[in-house]
Amino acid sequence: MVTRPPELSTVSATIETPGTVAEAEAVQDRLRPLVDLAGPGPTAPRTVAGLDVAYAEDGDRLAAAVTVLDPTTLEVLDTAVATGRAAFDYVPGLFAFRELPALLTALARLTVEPELLVCDGHGLAHPRRFGLACHLGVLTDRPAIGVGKTPLVGTWAGPDRRRGSWAPLRDGTEQVGRVLRTRDDVKPVFVSVGHRMDLDNACAQVLRLTPRYRLPETTRQADQLCRAELRKLAGV
DNA sequence: GCGACAG
DNA sequence: ATCTTGTCGC
């Protein structure tokens, strides 16, 4: 039986919001088996979405942004934002619950269908192997990857100083992602699979999106957009 | 027991 | 995440 991904406009209505750490962990444990690790995922996606969230100084109000780019030209094809309040306290490992509602609301407002979601945070490189990228991927049933700026779990050695070099990110005996150098002599990023992608393809897509900067252009665009939206909230 | 801990 | 200027290097 063929199952089709849900319309993005319907996903946010289906999420559950845990009230405690135990409940949140239970949600992750229940959704974890739904992660699709088969891959390989789209080799040449025509649309790639970047997602990011910015917080007000009160640490409560926030703005989420999604930008859809043509990965070949890096042209921005579509954008969407959503404002709201943090849906959960910040707890390492449960970070996704803070931003998920706002991100899903923003995704629902897109008019261009993204073929890949590039998340600001980790996917499988997570204590229970279910970081934001997995969560977002499973809920939307779209290919998703995580690109973190700093590690959450795992150890590594290297990688070489040149762009394109990488080293396995290991947590115990498991390979949970890759430490990938996106620019020569620049601090590497942490790439991990979210959903419906394999690690090789995830890294290939990240490299395509980083011709000039350390972070994917998708993430950079989303970062700028949500910060601008936040300034509107503040009043400036 | 202590420190670390995506954003 | 956010608070924050200048500054070293290419």
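Atoms considered below: every heavy atom in the structure, side chains included; atoms not considered: hydrogens, waters and symmetry mates. Numbers restart at 1 for each chain; the letters A, B, ... are given by sequence-line order, proteins then strands. For clarity, every value in this text was computed on a predicted model and none was experimentally measured.
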Could you state whether A/Leu139 and A/Leu103 fall into the same hydrophobic cluster, counting links through intermediate Ile, Leu, Val, Met, Phe, Trp or Tyr residues with side-chain heavy atoms under 4.5 angstrom apart? yes
If I take atom CD from residue A/Glu217 and atom OG1 from residue A/Thr67, how far apart are they, to the nearest 0.5 angstrom? 8.5 Å
Touch check for A/Leu103, heavy atoms < 4.0 angstrom, all strands: base, sugar-phosphate only, or nothing? nothing
Which part of the nucleic acid does A/Leu132 contact within heavy-atom distance under 4.0 Å: base, sugar-phosphate only, or nothing? base
Rounded distance in Å - CZ (A/Arg178) to C1' (B/dA6): 20 Å
At under 4.0 Å between heavy atoms, what does A/Ala125 touch on the DNA or RNA strands: base, sugar-phosphate, or nothing? nothing
Whole angstrom value for the distance that separates P of B/dG7 from NE2 of A/His126: 13 Å
Can you tell me how far P of C/dA1 sits from CZ of A/Arg85, to the nearest Å? 20 Å
CD-NE2 distance between A/Gln28 and A/His135, expressed to the nearest 0.5 angstrom: 7.0 Å
If you compare every side-chain N and O of A/Lys149 against the phosphate oxygens of B/dA6 (OP1, OP2), does one of them come in below 4.0 Å? no
Can you tell me how the ring of A/Phe88 sits relative to the ring of A/Phe97, calling it parallel under 30°, perpendicular over 60° and tilted otherwise? tilted
Over all strands shown, is A/Arg61 touching base, sugar-phosphate only, or nothing at heavy-atom distances under 4.0 angstrom? nothing
Just call it for A/Pro151: base, sugar-phosphate, or nothing, with non-hydrogen atoms closer than 4.0 Å on any strand. sugar-phosphate
Between C1' on B/dC5 and CZ on A/Arg98, what's the gap in Å once rounded to a whole number? 14 Å
A/Asp60 has an atom CG; how far is it from atom P of C/dT2, in whole Å? 14 Å
Minimum side-chain heavy-atom gap A/Val176-A/Ser192 below 4.5 Å: no
Common cluster, A/Val81/A/Leu233, ILVMFWY with side-chain heavy-atom separation under 4.5 Å: no
So does A/Thr150 get a side-chain nitrogen or oxygen closer than 4.0 Å to the phosphate oxygens (OP1/OP2) of B/dG7? yes
How many Å lie between CG on A/Leu152 and C1' on B/dC5, as a whole number? 6 Å
Would you call A/Tyr90 stacked on C/dA1, i.e. ring centres under 5.5 Å apart with the planes less than 30° off parallel? no
Ring-face cation of A/Arg220 near A/Tyr213 (centre distance under 6.0 Å, axis angle within 45°): yes
Here DNA chain C, pairs taken as Watson-Crick or G-U under 3.5 Å and shown with ( ), [ ] when crossing and | when to another strand, reads ..........
From CG of A/Leu169 over to P of B/dC5, roughly how many Å is that when rounded to an integer? 14 Å
Which is true for A/Gly59 with a 4.0 Å heavy-atom rule: it touches a base, it touches only sugar-phosphate, or it touches nothing? nothing
When the distance from CG of A/Asp58 to P of B/dG7 is rounded to whole Å, what number comes out? 20 Å
